[in-house]
> 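The structure that follows is given in the form of structure tokens.
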Amino acid sequence: MSDEPREQEGPQQGWAPREPEPAGAPGPGPESASAPAPKGRKNRKRTGWRRALPTWRMVLGTFLLLCLLIGGALVAGYMLVDIPPANAAATAQTNVYLYADGKPLARDGDVNRENIPLAQVPENVRQAVLAAEDRDFYSESAVDPKAMLRAAWNTVTGKGKQSGSTITQQYVKNYYLNQDQTIGRKVKEFFIAIKLGREVSKDDILEGYLNTSYFGRNAYGISAAAHAYYDKKPEDLTTAEGAYLATLLNSPSAYDVTAHPENKPRAVARWNYVLDGMVKEKWLAPADRARMKFPDPEAEAGTSSGLSGQRGYLVNAVKDYLLANEIVDEDELKSGGYRITTTIDSDQQDAFVKAVDDQLMSKLDKDARKIDRKVRAGGAAIDPATGRVTALYGGIDYVKQFTNNATRRDYQAGSTFKAFVLASAFDNDSTTQDGRPITPNTIYDGTSGRPVQGWNGERFAPENEDHVDYGNITVRTAAEKSVNSVFAQMAVDVGSDKVMDTSIDLGIPRTTPGLGPYPSISLGTPTASVLDVAQAYATLANHGRHGTFALVDKLEKNGKEIALPARDTEQVISRAAADTTTSVLQSVVDAGTGSAALAAGRPAAGKTGTAEEDKAAWFAGYTPELATVVAVMGQDPDTAVQTPLYGALGQPRMNGGAYPARIWAQFTRTALAGKPVQNFDLEIPSGSEEPPPPPPTIPPQDGGTEGTDEGRTQGQDQGQTQGTDQGRTQGQDQGQTQGTDQGQDQGQTQGADQGPTQGQTQGQVQGQTNGGTDGGADVAGQDGGQGEDGSEGGGADAGST
């Protein structure tokens, strides 16, 4: 063998030992150096873009290194993170609520909790919670990495925040850590949950979870929740009730169907999901599942006495405001420690309560009249210039009646929506079917039951109150009398889609139940809340400039102020349209169905309204300084079912021109006491107040021509004399006799126009039947009738003004 050293192999040939060469083989030389490499050992250098790619050895090495690092981190985390003592959430900081002037309003952090052993919770209730939150709780590990990754992905991709947490992790967050949405907290939660799962039994973890979870209504734990929602001990809960409480764990604020009736479909869907999960896990027999009905919670909640009176309503309205505007989330608010200065004026708040008590609650006789048990009231006041909510009336007492009547969205708003038809008509320069511009003096056919013209949908022919036919009538007078047939036609003339858009622009939420592009919008079929309607009327008072209402002036935590949303205002309808609407609504107060509001002693504009079957009566009005809405509602205190208010307070009908307008007047008078009286500064287009053009020919309907001519003259002549002299005497007698006979016999002739004209004079006397007016001027004592939505009025309050 040659003694010369061998030439080194390239690195691509690896480290394997070379085969020994046969004896006598020639050593390497110039020839052998250039000879091709043996087959299978050819090496090629990586060139071009391939040089930028890692080799498989590099990939494998990196993967093994990462596994080693992750494994080491997990071991280190497990060793370093100990199970801490109970956190501050278990000791619960309070949230402090203040009036606008800094006076204390309420504290909501007094924790309503009673820890109970797991054995005291029925098995079916436990299973309902598992079906809702963690069906594999007893068989899975303490953490679920796949669910955590899925939740993180959903959050990143905009599908909403997802917890991805097992019950063990939720318990760790509730009891040992806090609600902060930080990576550090999630890391701690992960390791504590693993350690807790190894050291504590599943039953103990479930017991702790049931005792620390928040169910809404200031109820922490399953025991407090059973009392707050069903006034029961937890061991007496049914499977259906347990499933509803389990539903609340997902979103206590959203799924409380008493506080938010409009969310009931979502809550029922979640409740069905829980029960179906129990069937799937074989915890509930399908036959038993099929028989279950949704268990509505108690309408009158048992809750902390610290939130009694109006305080609970205000606190919950503020919470909803903070959550809806995404200023804080529910977990952060639940953790406590916030100092919240509201926009509520303490003096105005007291004035609202007193007005409701004086004008309504003090007149109820629940012993003599069962219907009086079903009377509810709600109210809201907003400063038009700033959008600040200055007062809210939620109900008789938060600890007795949980639902906030100022913010609920399940009662029809009635003819308060006619103001939006007017605003839309004026803003869009709309015309009638025959091309005449719509102004306050445009003449319409006020025949009751007249089918609207130009609507391509199903036949729509709303009746006026008491079927009164008004014949030719101006828009202004139709607003004063709240004539359904006129406004239904006007909504079609304008375009019901435009009326809907105007309503939304003014402040009615787009998601309001029942809000749609249909002629019935003119009758107020949407179920906007009192606060929603107040916001829209505040926009009219602010000359068409709108900004979202505000309930919070300042928010602080740990001495640091938290930014609130900027309140930018914009001109949503023209000033001319808003001011012209205000002019018409002034006539409603000065000479129409809202005349009881004159008792405020201020220039005022407003509109009355009644829900279908007299289930609610409204008055929405404003002065230049304050927009206020009041509603009186009917609801069974035992079943929470909406009920008509026929016979309430000893009156045959409930209408907006009576108790709601009286409450409005007293509150407004007190709230603005000591402030200079302001007149409306209106900019109305020229021509809006011009005399109307000759009316179009209207085919007579059952003698309608005689009623047009005779009613117009007699309504002016007889109304000026007979209305004044006979108002006190004939208002009861003639209103019952002549109104009934004349309204039927002469109503097709003389009554067509006598009703509209006499409605301002003799109509205050005869308003019960043939006048069709809402004797809102407190006329002779029985709560007057008005032409509302086919249901308002009835005119029992007919007499002198």
Side-chain angles (χ1 to χ4, degrees), residues 110-133 206-207 209-261 263-275 277-278 283-284 288-289 291-305 307-308 312-313 316 373 376 395-404 408 410 635-642:
D110 297 328
V111 177
N112 177 22
R113 178 190 291 136
E114 177 189 2
N115 292 336
I116 59 174
L118 186 64
Q120 198 171 332
V121 183
E123 184 178 21
N124 55 349
V125 176
R126 284 180 260 163
Q127 290 169 338
V129 171
L130 296 178
E133 297 295 311
L206 183 58
E207 177 182 304
Y209 175 74
L210 290 173
N211 281 323
T212 57
S213 294
Y214 182 62
F215 290 83
R217 295 195 182 185
N218 201 37
Y220 291 81
I222 191 70
S223 178
H227 287 287
Y229 287 91
Y230 293 108
D231 197 21
K232 288 185 175 183
K233 297 178 181 178
E235 54 265 37
D236 295 332
L237 290 169
T238 66
T239 301
E241 292 166 346
Y244 176 67
L245 295 182
T247 294
L248 291 167
L249 291 167
N250 185 260
S251 182
S253 293
Y255 290 153
D256 186 342
V257 299
T258 304
H260 294 284
N263 288 346
K264 186 171 182 178
R266 292 174 54 199
V268 172
R270 178 74 179 174
W271 177 76
N272 284 322
Y273 165 81
V274 173
L275 292 177
M278 294 179 70
W283 296 332
L284 179 63
D288 293 337
R289 163 72 180 92
R291 288 192 295 268
M292 288 185 183
K293 295 182 179 180
F294 184 77
D296 286 299
E298 295 287 339
E300 299 186 359
T303 185
S304 169
S305 59
L307 298 178
S308 61
Y313 301 122
N316 276 278
R373 294 181 62 243
R376 301 284 184 267
I396 186 66
D397 190 332
Y398 181 76
V399 302
K400 297 178 180 179
Q401 175 201 319
F402 184 76
T403 306
N404 191 336
R408 65 189 302 170
D410 58 338
Q635 182 178 32
D636 190 296
D638 302 318
T639 64
V641 173
Q642 295 183 16

> Can you tell me how far apart NE2 (H260) and CG (D410) are? Round to the nearest 0.5 Å.
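CG of D410 is found 11.5 Å from NE2 of H260.
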> Shortest non-hydrogen contact from A131 to W283?
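Shortest heavy-atom separation between A131 and W283 comes out as N-CZ3, 3.9 Å.
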> To check you understand the geometry: which heavy-atom pair defines the closest contact between P637 and R373, and what is its length?
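Closest heavy-atom pair between P637 and R373: CG-NH2, 3.3 Å.
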> How close do F215 and I222 get, counting heavy atoms only, and between which atoms?
CE1-N, 3.7 Å
> Under 3.5 Å, sequence neighbours excluded: what are the donor-acceptor pairs made by side chains of residues 243-251?
{"unit_1": "Y244", "atom_1": "OH", "unit_2": "Y255", "atom_2": "O", "d": "2.7"}
{"unit_1": "Y244", "atom_1": "OH", "unit_2": "V257", "atom_2": "N", "d": "3.3"}
{"unit_1": "T247", "atom_1": "OG1", "unit_2": "A243", "atom_2": "O", "d": "2.9"}

> Side chains of P295 and W271: does their closest heavy-atom pair fall under 4.5 Å?
yes
> Evaluate the criterion side-chain contact (heavy atoms from CB on, under 4.5 Å) for residue pair T239 and L275; output intermediate values, then yes/no.
CA-CA 9 Å; T239 301; L275 292 177; 4.3 Å; yes
> Rounded to the nearest 0.5 Å, what separates atom CG in D231 from atom CG in D236?
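Between D231 CG and D236 CG, I get 10.5 Å after rounding to 0.5 Å.
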> Would you indicate whether the side-chain heavy atoms of Y313 and Q401 approach each other to under 4.5 Å?
yes
> Please report the interatomic distance CG(N316) to CZ(R217), rounded to the nearest 0.5 Å.
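That separation rounds to 9.5 Å.
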> So do D296 and T258 actually touch side chain to side chain, heavy atoms under 4.5 Å?
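Result no, sub-4.5 Å side-chain heavy-atom pair not found.
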> Is there a side-chain contact between N272 and R289 (heavy atoms, below 4.5 Å)?
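Touching, per the 4.5 Å side-chain cut-off.
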> Got Q120 and S223 here, is their nearest side-chain heavy-atom distance under 4.5 Å?
no
> Within this structure, what is the CG-NZ distance for the pair L237 and K233, rounded to the nearest 0.5 Å?
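The CG atom of L237 sits 12.0 Å away from the NZ atom of K233.
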> Is there side-chain contact between I116 and E235, with at least one heavy-atom pair below 4.5 Å?
no
> Considering non-hydrogen atoms only, spot the tightest contact between A219 and A228 and give its length.
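Taking every non-hydrogen atom into account, CB-CB, 4.1 Å.
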> Any heavy-atom pair between the side chains of R376 and R408 that's under 4.5 Å?
no
> Given K232, which of H227, E298, E241 fulfils the side-chain hydrogen bond (donor to acceptor under 3.5 Å, both in side chains) condition?
E241
> Can you measure from CG (L130) to CD (E123) and round to the nearest 0.5 angstrom?
10.0 Å
> For a 4.5 angstrom cut-off between non-hydrogen side-chain atoms, does L284 reach M292?
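SC-SC contact between L284 and M292 confirmed.
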> Salt bridge (charged side-chain N to carboxylate O under 4.0 Å, His left out) between E133 and R126: does it pass, once the steps are laid out?
CA-CA 11 Å; E133 297 295 311; R126 284 180 260 163; over 6 Å; no
> Say you draw a straight line from OH of Y220 to OG1 of T212; how long is it, rounded to the nearest 0.5 Å?
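Y220 atom OH to T212 atom OG1 measures 11.0 Å (nearest 0.5 Å).
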